[in-house]
Amino acid sequence: MTISDKSNVSDAFSAWGKLLGAKYARNSEEAISEYSASLIPESASNCGVVLPKTFSELQEVLSIATKNKVSLYPISCGKNWGYGASCPVQEGNVILDLSRMNQILEYDETLGYVVVEPGVTPEQLYNYLEDHGGKFIIDTIGGPSDSSLLGNILERGYGLGNLGDHFLHSSGIEALLADGTHYSRVNKGGASSKFANIYKWGVGPYLDGIFTQSNFGVVTKLAIWLATKPESYGIVIIKAEEERQLSGIIESIRALKLNGVIPQLLHLYNDVRILSSLQQFPSSQTDKKPLSEEVKAKLRKRHGISLWNGVTAISGTKQEVRLRAKMIKKSLRGKAQVQYVSGTLIDFLIKHTWLVRFIGLSSVATKVKSLQIFKGIPSYTGIKSVYWRSKNPLPDMNDKPQPQFDNCGTIWCSPLTPMIAKDCFEVIRITRDICESHGFEFNTAMNFISSRAINFINAISFDKSNALETQNALNCYNELNEILLKKGYVSYRSSTIGMQYVIDDSPYWDVCKKIKIALDPNGIIAPGRYEK
């Protein structure tokens, strides 16, 4: 253990049990096992879990932790699958599960924002907005519909729509420090409340950002800015049969994004990433790992996908959507196949799913329901990919499966690159060579997250019931991070076992250490998380 002594933990759970009830303060072997399950190759265990419901309960939970010098590891819903799920960075933590704090505290239908607690999910907010007139939509993510909106924002994640940079389109963070201090830009008299949720920067030094990708406090609520439901929308599908085509695609997309033609995120998936969302590893066809080029070619033909497959949503007025689609097609002419699918057609197909196979949309998803994600409707279908090498049968996504209990193994390595073809080809070469040398398919998504930067999400998928394959995955992950880091390609976020690859000896992390000591001198909150 790092901070928490066993006797201290016992005393703390005794106090938490009196506060929350035994159901919500559990340190049984069953609870420890439940919150220790993850998809990554190895993870730190915990000492149990506490689940406060209210702000006052959370304050008291922190007070008890501080009094007993027991470290807490906050999670919102624990669905951070390829980065560690609910698991802490270090041993000896009690999981602070905030999923019961799931209130939508405020909705402003004039200015278009909601204020949410940590446990509010995309599905919950979508239903809430529909029940309140459907004027606004949320910016959906590729993750599960019962994940945490706040958790995604605090990891600086992103989505599929116009407001794809989720932290940029949020405001008014409130948090509790380890000593119980309530951090908020709203003063006791409420004088700043009129702008806290609509003006991100406030006045004076900007501090909200220190609560993202950090362990400085426990965020209790924030405001999420919403997108107006568009008059019209559609999706653009890009296909490339040869890898050399990526050069022209990247150059064109950069120009389109710099000129504001594609404000949304654009995703470019390789064949294995798409295949893993359509089926599991074809063990009935081959036992060779990684898959041979011959087998991948056959699977591409069967599913009607290409070597590289891109997709982006476009929305606005009917005229804007038609113009954007036309400009994208023109820019990519001769460089890739481009197909525009209107929202009208998508809506029709949702009602007539049997037609999907006739218009070549299998490269987007096996079920038309997944197309609804581009309309701001959350979906669980994206989670299929983590079952790629699991020996367990693929469950019904409508049942919201829990892959951490199905021997699914997946860990993500997420390097950033400039939106320059040369850098992208370098990352592709490094990732493919290292993954294949350890027995894994090159499985990646290129996310065009701004006008100048690309984020690769490289997935190392493995069968967690296979000890050798699991160890190979860990070795692959470590080597991949080490080599990419040496080349200057740092990950935009880290798994719980990869903090050493994002933290260095720069003055930046020295300053972060000083802030940690000032705000949490006893190391109560998430020791080791984004911490030198």
With no hydrogens and no angle check, do the side chains of [X] and [Y] hold a donor and an acceptor under 3.5 Å apart?
X	Y	answer
Y126	S145	no
R493	N80	yes
K79	Q404	no
Q213	R156	yes

Between [Y] and [X], is the closest basic N to carboxylate O distance under 4.0 Å?
X	Y	value
D146	K400	no
R100	E117	no
E155	R529	yes
E441	R389	yes

Test side-chain contact (heavy atoms from CB on, under 4.5 Å) on L72 and V61 and set out the steps.
CA-CA 9 Å; L72 297 170; V61 165; 4.1 Å; yes
My understanding is that only residues two or more places apart in sequence, or in another chain, count here; which of them pass side-chain contact (heavy atoms from CB on, under 4.5 Å) with [X]?
X	answer
N455	Y158, S414, L416, N447, I449, I457, Y492
I153	H166, F167, S170, L222, I224
T444	N270, W308, F442, F456, N458
A85	S38, W81

Close side-chain approach of F55 to L176, heavy-atom, < 4.5 Å:
yes
Would you mind reporting whether H169 and N162 have side-chain heavy atoms less than 4.5 Å apart?
no
Checking [X] now: which residues fulfil salt bridge (charged side-chain N to carboxylate O under 4.0 Å, His left out) with it, not counting sequence neighbours?
X	value
D165	none
K200	none
K257	none

Is the H267 ring parallel, tilted or perpendicular to the Y269 ring (thresholds 30°, 60°)?
parallel
With [X] via ring-ring contact (aromatic ring centres under 6.0 Å, His included) - residues at least two apart:
X	result
Y128	Y107, H132
Y183	F211
Y530	none

Test log, rule side-chain hydrogen bond (donor to acceptor under 3.5 Å, both in side chains), inputs S495 and Y477
CA-CA 10 Å; S495 74; Y477 175 76; 2.8 Å; yes
My understanding is that only residues two or more places apart in sequence, or in another chain, count here; which of them pass side chain to side chain donor-acceptor pair (under 3.5 Å) with K329?
none
With sequence neighbours excluded, residues passing side chain to side chain donor-acceptor pair (under 3.5 Å) with K53:
N102
Evaluate L168 against W225 for side-chain contact (heavy atoms from CB on, under 4.5 Å), listing each step before the verdict.
CA-CA 9 Å; L168 182 63; W225 300 343; over 6 Å; no
At what distance, to the nearest 0.5 angstrom, does CG of L485 lie from CG of L480?
11.0 Å
